[in-house]
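Working notes, beginning with the structure itself.
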Amino acid sequence: MSLLDYFKTSKASSASLAKERLQILVAHERSSRNQPSYLPQLQKELLEVIRKYINVEQDAISVNFEQNDTQETLELNIVLPDHQKTT
Amino acid sequence: MARIIVVTSGKGGVGKTTTSAAIAMGLAKKGHKTAVIDFDVGLRNLDLIMGCERRVVYDFVNVINGEATLNQALIRDKNCNLLYILPASQTRDKDALSQEGVGKILDELKKDFKYIVCDSPAGIEKGAHLAMYFADDAFIVTNPEVSSVRDSDRMLGILSSKSRRAEQNEEPIKEYLLLSRYSPDRVKLGEMLSVDDVQEILSLHLLGVIPESKSVLNASNSGTPVILDEKSDAGQAYADIVARYLGEDRPHRFIDDKQGLFGKLFGRK
Ligand SMILES: Nc1ncnc2c1ncn2[C@@H]1O[C@H](COP(=O)(O)OP(=O)(O)OP(=O)(O)O)[C@@H](O)[C@H]1O
Ligand SMILES: [Mg+2]
């Protein structure tokens with residue numbers, strides 16, 4: 001690597017970091033934009049029910065809503081605690 | 001058919017008023033009768049940028065309330081007789097503008113004008129909502145900076161769901177990206193998001209890049225839209241933008257670092 005390349009790469013970082021952060025954020029915000037408005041409430045109530053039976057973390061459950069031309073899917077993900085912790 | 005253009009951004013201070021003044025003047029100079037409306041109720045500024053602040057008698061809210069006619073409130077521009085300015089009210093009453101009132105005035109303007117440019121206030125509150133609600137085209141003014149890009153995307157969401165066209169299931173608002181306060185040399189150093197970066201993130205049609213330019217402050221100091229400063233880079237950028245909007249095919253400028261003698265001699269890419 002030449003000296004010139006060194007300067008180029010070391011300085012290219014702040015804009016590319018901005019781009020990376022924005023891409024993730026915008027993708028996330030766009031997907032939640034099309035979600036039905038009941039989703040956060042649904043997530044909260046589901047969590048309450050599940051916690052009656054299993055001791056899961058506050059963020060152990062995620063609800064994803066996806067939409068394409070033909071169908072809408074609601075995907076529910078629950079991360080169960082490790083075995084050691086439940087016993 | 002008249003077209004309503006909203007100049008919007010979400011984030012404040014990115015160059016909406018500068019842009020509204022420039023493109024309204026540009027459209028009028030091209031022979032189209034144009035009105036430019038300041039929607040920033042309580043923080044009127046377009047009058048200063050257009051240099052007509054001392055001629056304001058009636059404002060937008062006066063017309064909505066029936067205290068003045070539209071013709072009494074419209075100010076004819078001193079540089080171009082096809083351009084008219086409708087100033088914002090300085091009232092502190094946030095509810096001074098109503099959807100019905102704004103709709104009526106726009107309908108009336110549409111009979112007489114070819115283009116109606118709406119200078120949106122910052123934010124996503126009532127004023128910004130009303131500025132974009134009736135629009136046919138949206139000019140999204142964005143700075144190459146994280147919070148501005150994010151807010152622009154937020155505004156795109158609002159345009160596609162909360163506008164009249166969206167609510168009535170009509171053809172969606174046409175959205176255009178105007179990337180402003182761009183510094184090619186800083187982009188080259190990796191300090192600033194590039195036009196490609198911003199386009200990739202927002203996936204919007206690029207109408208033009210406006211460079212960071214001293215001429216903008218000069219123009220606002222004297223109260224003449226920067227597009228009239230034909231020698232300036234920002235003025236030329238806005239002239240290109242108006243031409244492209246009207247269908248002319250012009251290559252993009254002000255994206256690359258000024259090619260200095262050194263660059264030319266050594267064939268820099
Ligand atoms: N291309 C540019 N180069 C340099 N300065 C600029 C440029 N565009 C705008 N500015 C400056 O940025 C400031 C904000 O511009 P402007 O008032 O047009 O923004 P705005 O989006 O209308 O702000 P607000 O959200 O408060 O209504 C002004 O001081 C203006 O002179
Ligand atoms: Mg403004």
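By convention in this document, chain letters (A, B, ...) are assigned in the order of the sequence lines, proteins followed by strands, and residues within each chain are numbered from 1. FYI, side chains are in, hydrogens and waters are out, and symmetry mates aren't considered; it's all heavy atoms of this structure.
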What part of Arg154(B) lies closer than 4.5 angstrom to a heavy atom of chain A: side chain, backbone, both or neither?
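Interface part for Arg154(B): backbone (N, CA, C, O).
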Just wondering, more than 12 heavy atoms not from [X] lying within 6.0 Å of its [atom1]?
X	atom1	answer
Glu171(B)	CD	no
Glu125(B)	CD	no
Arg21(A)	CZ	no
Glu48(A)	CD	yes

Looking at Ser14(A) and Gly190(B), what are the two nearest heavy atoms and their distance?
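Taking every non-hydrogen atom into account, OG-O, 3.5 Å.
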Which atom of Met192(B) lies closest to which atom of Ala15(A), heavy atoms considered:
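Smallest interatomic distance, heavy atoms only, reads O-CB, 3.5 Å.
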How long is the gap from CZ on Arg150(B) to CG on Leu25(A), to the nearest 0.5 Å?
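Answer rounded to 0.5 Å: 4.5 Å.
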Between Asp196(B), Leu193(B), Val146(B), which is the residue that forms a side chain to side chain contact (heavy atoms under 4.5 Å, CB included) with Lys19(A)?
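Exactly one option meets the side chain to side chain contact (heavy atoms under 4.5 Å, CB included) with Lys19(A), and it is Leu193(B).
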When Glu145(B), Glu200(B), Arg186(B) are compared by non-hydrogen pairs under 4.5 Å with chain A, the top option
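Sorted descending by pairs with chain A, the first entry is Glu200(B).
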Ile201(B), Asp153(B), Asp197(B): which one forms the most heavy-atom pairs within less than 4.5 Å of chain A?
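Winner by heavy-atom pair count: Asp153(B).
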